[in-house]
Structures are given as structure tokens and as C-alpha cells.
Amino acid sequence: MTGGRGIEGSQRPGGPARHTPVLLPEVLAALRPMPGERHIDCTFGAGGYARAMLEAGAHVLALDRDPAAIAGGQSLKQLYVDRLTLAQTRFGELADVAEAHGFSPADGVVFDLGVSSMQLDEGTRGFSFMRDGPLDMRMSGEGLSAADVVNGYEQDAIANILFQFGEERRSRAIAREIVKARSEKPFETTAELAAVCARVLGQKPGDKHPATRTFQALRLHVNDELGEIERGLAAAEAILKPGGRLGVVTFHSLEDRIVKQFLAERSGKAPGPSRHAPAASRPAPTFKLLARKPVEPSEAEVAANPRARSARLRAAERL
């Protein structure tokens, strides 16, 4: 998504301009959209990548699981009636949706992972520990909410979520305090949960907000984001034509690890078996890496949009 995704709390006072596409020139250089080509923006958001690809003359299928993003894209749809298709769906449904709309095989696929500025900046969506609102965090507005998790899960299950998806070292202490607090009053708002994190962890000047990892973990769990990334990458591999390009922008280590491992395996760059193990034939590579290392934002971009600070772009060409 191009809505200025990134880590909450990384913006400076006053914040950056909203919905700034992260690494936009680098993404366009990787995908090289051309007139008449078919490109898929898997995280439409505010439409920054999709608009740039449309301006390059490409036909664009734009996906987003957030109904608010699809509704917000109608004005762009009016400008590009014949070349922009919007679809509310998850990454895992990419192959079926692309086939249904005539975008398989595709010339390019881009993912901009994580939560968007629109979701963070709208307190009523419940993603933000900096803006009080209902403890929700559902990107699609459907299914299990973050409140359901903290109010209904066992203490060990909560601790495991915080450790696995937030890499929170004090996950058990936070989970214990959550269970204690909910026995007195169920959690309803983001401020209530953020206060528990602050009470357990404290905060020193200049440190990340103590709720950062907890909120990340609950968001990833509620939306099954890591599972959707794995399914989306496999779908992109299936629908890209030979010579088609894949670009993925990540914002934290859990996302980036999945993308890095996927591209390493598909490009034949993954570590081989031990020399003591029996020889095994590897499948033929399906991708060629466009760069050995991920592309990072320039100092100028980070200064203009601090939420881009942790962004990484990995790109590859389908063989």
C-alpha cells in the first residue's frame, strides 16, 4: 500500500505529508511499467503506486482487503475507467482474482506490506496506540478483533502471540498484566491496552513507545498477515509471466525474513544442505534477483517521510 506505511511513532511532531508512497521511484524502476502492460498493486491503500503505474500507461488491477481503501479509490477509477480495476480481497486470493479480471499472466506485481498511514491515522480503526479508539485492528472489518484476543485468550496464548509476532521480550509480564486488568474491566480501547504496556515496561526519553511491539503482534495475529504474505508471494509466482517483475516493500524483520527467504529459495540462493547430507537435486530457479541487497530509502526521503525509515524493497524477475 502506498499510504505512507511504516512504524507508528516514527513520525516527527506534526508528521509527514499523509499517504506518501514509500520508495516510489525505486519501485517503478524495479517494475518498469509500460503502456499496455498488466500490473497488479496488491496493497492499493491511497493509490500512490497504482496511480504512478497508470500514468506510465499500464493497466492496473488494485487489491486491498480494507473496504475503506477501495471506496477511497473510486475517484481514481473515474480518471482511468478503462485501465483501473479495484478489488477488495486478500493476498491469498491474488491468483483467482487476477484470472477473473484478465490479469494472468501479469507483467508486474507489487506488495507494500504492513499497516497504512490511513489505518494508523484514523483512531476509530483501533490500530494506533497514539490515538485512542476501539481496540479493533481488523483490516477488513470482519472476524476476530484485538479486543476479542486480549479479553478472551488464555494468558499463555497472549504471551506467545506477543513473543512470536512482536518479538516482545517481556511478553509474559505483559500478558500477566493484561489478564489481571481484564478481570476488573474488559479492554475496550487502544488507550487502555497502551497504558498496561507502559505500566509494565516504562519508557525512557527517545525509546520506542512501550506498546509498539504489543500492538504489532496483535495486528499481525488478528489479520493473519504473515500467512497472507506467504500465500500472496506464491500466487505472484504463479501468475507472473517470464520476464515479469515482482517488488515487495517491507517494514519490519518478520515480513522481510519471509520475503528474503522466499526469493532466496526461488532464485537458487538459499543455503544448500550440509556437505555431510546426501546430495539432493534442487528445483530450477523461478526468479532472478534484481539486486543482492534490499533497496533502502534515501536520507532525503526519510527526512520528508520518517515512516519510510525502516522500509526495504526486494525485487526479482520471473524466469
Side-chain angles (χ1 to χ4, degrees), residues 1-10 19-24 26-28 30-31 39-50 53 61-66 69 88-94 97 108-121 125 127-128 137-140 164-167 212-213 215-237 240 245-264 266 287 290 294-297 301 305-316:
M1 186 180 290
T2 56
R5 291 175 183 266
I7 304 300
E8 184 179 21
S10 62
H19 316 317
T20 304
V22 175
L23 290 167
L24 179 59
E26 293 82 358
V27 166
L28 293 178
L31 265 62
H39 287 258
I40 304 175
D41 180 356
C42 293
T43 38
F44 176 69
Y49 292 154
M53 292 187 287
L61 170 61
L63 316 181
D64 205 298
R65 67 194 294 183
D66 189 336
Q88 183 187 341
T89 190
R90 299 167 176 258
F91 295 161
E93 297 170 346
L94 168 60
V97 174
V109 176
V110 62
F111 295 85
D112 185 6
L113 303 177
V115 66
S116 76
S117 288
M118 293 184 299
Q119 291 162 336
L120 286 174
D121 293 345
R125 299 300 303 275
F127 289 94
S128 175
M137 301 193 193
R138 295 173 296 176
M139 290 182 173
S140 66
Q164 179 182 358
F165 296 125
E167 299 178 308
T212 299
R213 295 182 185 277
F215 272 61
Q216 172 186 298
L218 289 170
R219 193 198 84 225
L220 291 177
H221 176 73
V222 164
N223 296 289
D224 188 22
E225 290 184 43
L226 301 187
E228 289 296 335
I229 292 170
E230 292 174 349
R231 291 185 284 273
L233 291 172
E237 178 184 32
L240 276 168
R245 300 291 188 92
L246 170 67
V248 187
V249 177
T250 66
F251 286 91
H252 61 73
S253 60
L254 295 177
E255 296 172 343
D256 193 58
R257 194 175 302 144
I258 292 172
V259 178
K260 180 181 179 180
Q261 182 176 343
F262 173 85
L263 291 178
R266 299 308 201 270
F287 280 100
L290 297 183
V295 177
E296 300 181 3
E301 178 171 5
N305 181 14
R307 281 179 177 167
R309 180 180 60 198
S310 58
R312 304 288 184 272
L313 167 65
R314 297 184 185 272

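Not measured: the values here are computed from a predicted model.
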Handout entry: Test side-chain contact (heavy atoms from CB on, under 4.5 Å) applied to Leu113 and Val249, Leu226, Val248, the passing residue
Key =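 The single option meeting the side-chain contact (heavy atoms from CB on, under 4.5 Å) with Leu113 is Val248.
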What heavy-atom pair brings [X] and [Y] nearest, and what distance separates the two atoms?
X: Leu94; Y: Gly232; answer: CD2-O, 3.8 Å
X: Gly92; Y: Arg231; answer: CA-CB, 3.7 Å
X: Ala50; Y: Asp41; answer: N-OD2, 3.4 Å
X: Pro297; Y: Ala308; answer: CG-O, 3.1 Å
X: Leu246; Y: Phe111; answer: CD1-CE1, 3.8 Å
X: Phe287; Y: Phe262; answer: CE1-CE2, 4.0 Å

Which distance, rounded to the nearest 0.5 Å, do you find between the [atom1] of [X] and the [atom2] of [Y]?
X: Leu290; Y: Arg245; atom1: CG; atom2: CZ; value: 4.5 Å
X: Leu28; Y: Leu23; atom1: CG; atom2: CG; value: 10.5 Å
X: Thr43; Y: Phe91; atom1: OG1; atom2: CZ; value: 5.0 Å
X: Arg125; Y: Met137; atom1: CZ; atom2: CE; value: 12.0 Å
X: Met53; Y: Leu24; atom1: CE; atom2: CG; value: 9.5 Å
X: Arg314; Y: Lys260; atom1: CZ; atom2: NZ; value: 5.5 Å

Any donor-acceptor pair under 3.5 Å linking the side chain of [X] with the backbone of [Y]?
X: Tyr49; Y: Val22; value: yes
X: Ser310; Y: His252; value: no
X: Asp64; Y: Asp66; value: yes

Problem - salt bridge (charged side-chain N to carboxylate O under 4.0 Å, His left out) partners for Glu230, two or more places apart - result: none
Handout entry: Arg312: partners by salt bridge (charged side-chain N to carboxylate O under 4.0 Å, His left out), with sequence neighbours left out
Key =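 By the salt bridge (charged side-chain N to carboxylate O under 4.0 Å, His left out) rule, Arg312 matches Glu296.
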Problem - Gln164 side chain near His221 side chain, heavy-atom distance below 4.5 Å - result: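 Answer no - side chains too far apart.
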Handout entry: Flag side-chain contact, heavy atom, 4.5 Å: His39 against Val110
Key =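 With C-beta onward as the side chain, the pair stays apart.
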Practice task
Answer yes when Asp224 and Arg65 have at least one side-chain N-carboxylate O distance shorter than 4.0 Å, and no when they do not.
Solution key: no
Practice task
Could you walk me through whether Glu255 and Ile229 pass side-chain contact (heavy atoms from CB on, under 4.5 Å), step by step?
Solution key: CA-CA 8 Å; Glu255 296 172 343; Ile229 292 170; 3.9 Å; yes
Exercise for the section: Applying side-chain contact (heavy atoms from CB on, under 4.5 Å), run through Phe165 and Arg219 and close with a yes or a no. Expected result: CA-CA 9 Å; Phe165 296 125; Arg219 193 198 84 225; over 6 Å; no
